Every structure is written in structure tokens, then in C-alpha cells.
Student: 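One structure follows; several queries about it will come next.
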2 protein chains.
Amino acid sequence: MPSKPPAPITIDAVYAAPGYLFRRMQQIAVSIFMEECKAFDLTPVQYAALIAIHTHPGIDATRLSAVIAFDRSTLGSVIERLQAKDYIERKPAPEDKRIKLLYLTRSGAAILREIIPAVERAQARMLEPLKPADRKTLMGLLSQLVDLNNEASRVPLRAEDALEHLGKTG
Amino acid sequence: MPSKPPAPITIDAVYAAPGYLFRRMQQIAVSIFMEECKAFDLTPVQYAALIAIHTHPGIDATRLSAVIAFDRSTLGSVIERLQAKDYIERKPAPEDKRIKLLYLTRSGAAILREIIPAVERAQARMLEPLKPADRKTLMGLLSQLVDLNNEASRVPLRAEDALEHLGKTG
DNA sequence: TGTTGATTGACAGTATACTGACGATCTAGG
DNA sequence: CCTAGATCGTCAGTATACTGTCAATCAACA
């Protein structure tokens, strides 16, 4: 049988490319998130960072980056903005002068409680056009794929072992 | 039956959220693309723009933004960079002094031919961890979802009608 | 103990993204 | 023809992202 001819150079190939679809979907997701949460002045990244700090009080920036799989450099400015909004505070660590420990402020904890319903509406809206069974299928496959590709990303997720050195002072 | 209690505020909820997975997958996809194409000095966005200009020679920036669903403001700098690399050229439109028509240069067309295999390797690698049947399922559902959410994005895709005013000079 | 190597936060530089605004220009309607 | 509204490219401002580098600091080892 004849070998597959070279694909024609056409925009239609782009429309069907995984990378293109992932990009479009991400942009749609951000757009929906911002729309649902416009009353709160929090971006998706800032929201994830707040949740992570809430889950792991006293985490430092490097470990935070591993826990949410965000770039460490980027995270610096994210933290600055959260601090400027008085949602988090940074305290120097007594036993290591290099690191700064992150904590939610009272208003950080408050906005987190308030924004949760909007975030959940946003997450639901992203999948809403699909039938319930298809939503499950899509999320299941996507979870698998992200997990299996973890090492391919610049900042692999280290949900567990990133915290091994935390809170185990004994 | 009891109403569902409020979800605990935990990072685990973020890990399973569609928006978070879309973001992670997009970052992984870009990472793989850049790795496979590192010999070419082209980003995914620049690649898509080149392909679109190749498919629609003489397109203007606004229509280009509709054809690949990229933000118009962003596209300005993308075009600048492609022009600086001598991959495209801009010519003023004789009948409308506002717009500038975009064309591939000879070297733009050349790099497009050369980079295609690397791009296809990248696209294949993104899905490679899944079984073939699952790849099809995932891409099918994702295509549907992006399409059905088209209007939710800031720059909806207008593949067809964006070009209605083009090339129909008679 | 003293030096090597790793880690941390910070920074500079580049590239997407989106919002909102602007002048130049075109189009439609009167 | 002339103005109101739309469109085009552009720009300023903000927010992610990634690469690479740096000084300060820490840990480990000879």
C-alpha cells in the first residue's frame, strides 16, 4: 500500500491538532473563570495559590510551585500581588534565612470562602455543553494524560514529596 | 436526602478541576512543542499564524486573529516577530489604507515545510501515553467542547465567515 | 573547618494573553 | 457631501509563563 502522503500545509490540520485544542480550551476556561469571578479580583492562578497555602500553611515559594505545578519564577510575582492585596503574608523562617513562609491572612481566608461558589459555577460551566457521561469520560482521560505526561512539563507536580520536609520538625 | 455539604477547601479539589487540568495540559503541550521544535525558533502561536497566512495569503491581522482565534492585540507583536525573522511581509492594501496584507516570504514558506515533521512528532507525543482508542475519544470530546464553547471565548473562531470579504473582489 | 555543591528568592529578558483606549480610516445614512 | 458609527492597527497596562543568571545561604564532605 502507498505510504501516507505528506499532510497538506493547511489551517485545518491546526484546528484538529491536540496542542491547538488544548490552547483554545485553556483560554475558554480562563475566560469563563474570570467571568464568574469578576466580583473578586482573583485570577485562576492566584486562586490556586491561595488554596494551596490554605492547605499547607507555612509553605515556602519553591515548594508551593511544586504543589501546584506552576513555574517558580512566575510564582514570585503572583505572591507579590497576593501580598499587595493583603491575602497572604510572608514571614522569614527562623531556621533558614533563605526562605519565607507563606500564610493566609484573615481576609485571604475570607475571600477564599466567598469565592468558592463562583469557582464551582465556573468549573461546571466549562463542561456544561457536554452530556454528563461525556464530561466524566473527558475528565478521566485528561487526568490520566496530565498525570502520565507529568515529567514532560517544565514544573512537574510534586503533590506529596514536595512536602516531606514540612511540618516534620521531629 | 441531605444536601451536599460544602466542599472542603483543599488543594485536591483544584487537582480535579477542569480549569486546572486544561492549564496543566496546555503547559505540557507547549513544553513538548518547544522541545521537538527547538531547532526552528518558532513558538506554537507563531507556527499557527504562519500556517494560517500560508492558507490565506493576503489576509489582514484582524481576520487572521479570527481565523486562529487568537487575541488581536497579542497578534500584533506575534506578527512583528515573524516579520523581524523575515518569515512574513506586510503590504499596504491599495483599497483600504487601514489594513496591511500578510504574505509568507520565501524563507517563511521554507521553514514551514521543514518544521512540519517536528510539529507532527510533538502533537503525537502529547497523546502518546494514552491508548489509541482513548486518544480518539479525548480529541473527539475536546473538539466538541471547544466548538460548543466557542462563543464563551474572548476571540471566537470564525474560520469561514471571517474570510467572506476576502478574495471576492468581483 | 573550609570548600564545594545545592537551594532559595530575586531579577532580566522574551513571549503569550486580555482590557481598554486611541487616531486614522472607511461606510452608511441623511 | 458630511457626519455617526464601525473597523483597523497600535499602544499602555496587567498577568501568566519560561529561560537563564545571580547573591545569599545552607548542607555535606574531605
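Proteins get letters first, then strands, A, B, ... in listed order; numbering begins at 1 in each. Everything numeric in this text was worked out from a predicted model, so none of it was measured.
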Student: Nearest of C/dT19, C/dA15, D/dC8 to any side-chain atom of B/Ser73?
Tutor: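 The listed nucleotide nearest to B/Ser73's side chain is C/dT19.
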Student: Using a cut-off of strictly less than 4.0 Å, decide whether A/Arg81 has a side-chain nitrogen or oxygen near OP1 or OP2 of D/dT16.
Tutor: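 For A/Arg81, the contact criterion (side-chain N or O under 4.0 Å from OP1 or OP2 of D/dT16) is met.
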Student: Mind calculating the distance between CD (B/Glu35) and C1' (D/dT19) to the nearest angstrom?
Tutor: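 The distance from CD of B/Glu35 to C1' of D/dT19 comes to 14 Å, rounded to the nearest Å.
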Student: Out of C/dT16, C/dG9, D/dA15, which has the shortest distance to the side chain of A/Ile99?
Tutor: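 Looking only at heavy atoms from C-beta outward on A/Ile99, the closest nucleotide is C/dG9.
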Student: Please determine if a side-chain N or O atom of B/Arg63 lies less than 4.0 Å away from the OP1 or OP2 oxygen of D/dC8.
Tutor: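 For D/dC8, OP1 or OP2 has a side-chain N or O of B/Arg63 closer than 4.0 Å.
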Student: If you only use heavy atoms from C-beta on, which nucleotide in C/dC11, C/dA15, D/dT16 is closest to the side chain of A/Val45?
Tutor: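 The listed nucleotide nearest to A/Val45's side chain is D/dT16.
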Student: Taking only side-chain N and O atoms of B/Gln46, does any of them lie within less than 4.0 angstrom of OP1 or OP2 on C/dT16?
Tutor: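 Yes, within the criterion.
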Student: Nearest-Å distance, CZ (B/Phe70) to P (C/dA15)?
Tutor: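 Computing the B/Phe70:CZ to C/dA15:P distance gives 15 Å.
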Student: Less than 4.5 Å apart, any side-chain heavy atom of A/Val14 and any of B/Tyr47?
Tutor: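 They are in contact (side-chain heavy atoms under 4.5 Å apart), so the answer is yes.
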Student: Does this structure show an ion pair linking A/Lys85 with A/Asp41, if we count only N-O contacts that are shorter than 4.0 Å?
Tutor: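 The answer is yes: the pair qualifies as a salt bridge.
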Student: Between D/dC8, C/dA10, C/dT16, spot the one nearest the side chain of A/Arg72, thanks.
Tutor: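 The answer is C/dA10, which lies nearest to the side chain.
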Student: Does B/Asp71 use its side chain to pair, donor to acceptor, with the backbone of B/Thr74 at less than 3.5 Å?
Tutor: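 Such a contact is found between B/Asp71 side chain and B/Thr74 backbone.
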Student: Could you work out which one of D/dT16, D/dG9, D/dC26 sits closest to the side chain of B/Lys100?
Tutor: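 The nucleotide sitting nearest to the side chain is D/dG9.
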Student: What's the CG-P distance between B/Asp96 and D/dA6, to the nearest Å?
Tutor: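 Spelled out: CG on B/Asp96 to P on D/dA6 is 17 Å.
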Student: If I take atom CG in residue B/Leu75 and atom C1' in nucleotide D/dC8, what distance separates them, rounded to the nearest angstrom?
Tutor: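 To the nearest whole Å, that distance equals 13 Å.
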Student: Respond yes when some side-chain nitrogen or oxygen of B/Thr62 is under 4.0 Å from OP1 or OP2 of D/dG9, and no when none is.
Tutor: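 So the side chain of B/Thr62 is within the cut-off, an N or O lying under 4.0 Å from OP1 or OP2 of D/dG9.
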Student: Closest approach to the side chain of A/Thr43, judged atom by atom: which nucleotide of D/dC26, C/dA10, D/dA15 is it?
Tutor: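 The answer is D/dA15.
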Student: What nucleotide, of D/dC11, D/dA24, D/dG9, holds the atom closest to the side chain of A/Arg98?
Tutor: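 Of all the options, the side chain of A/Arg98 is nearest to D/dA24.
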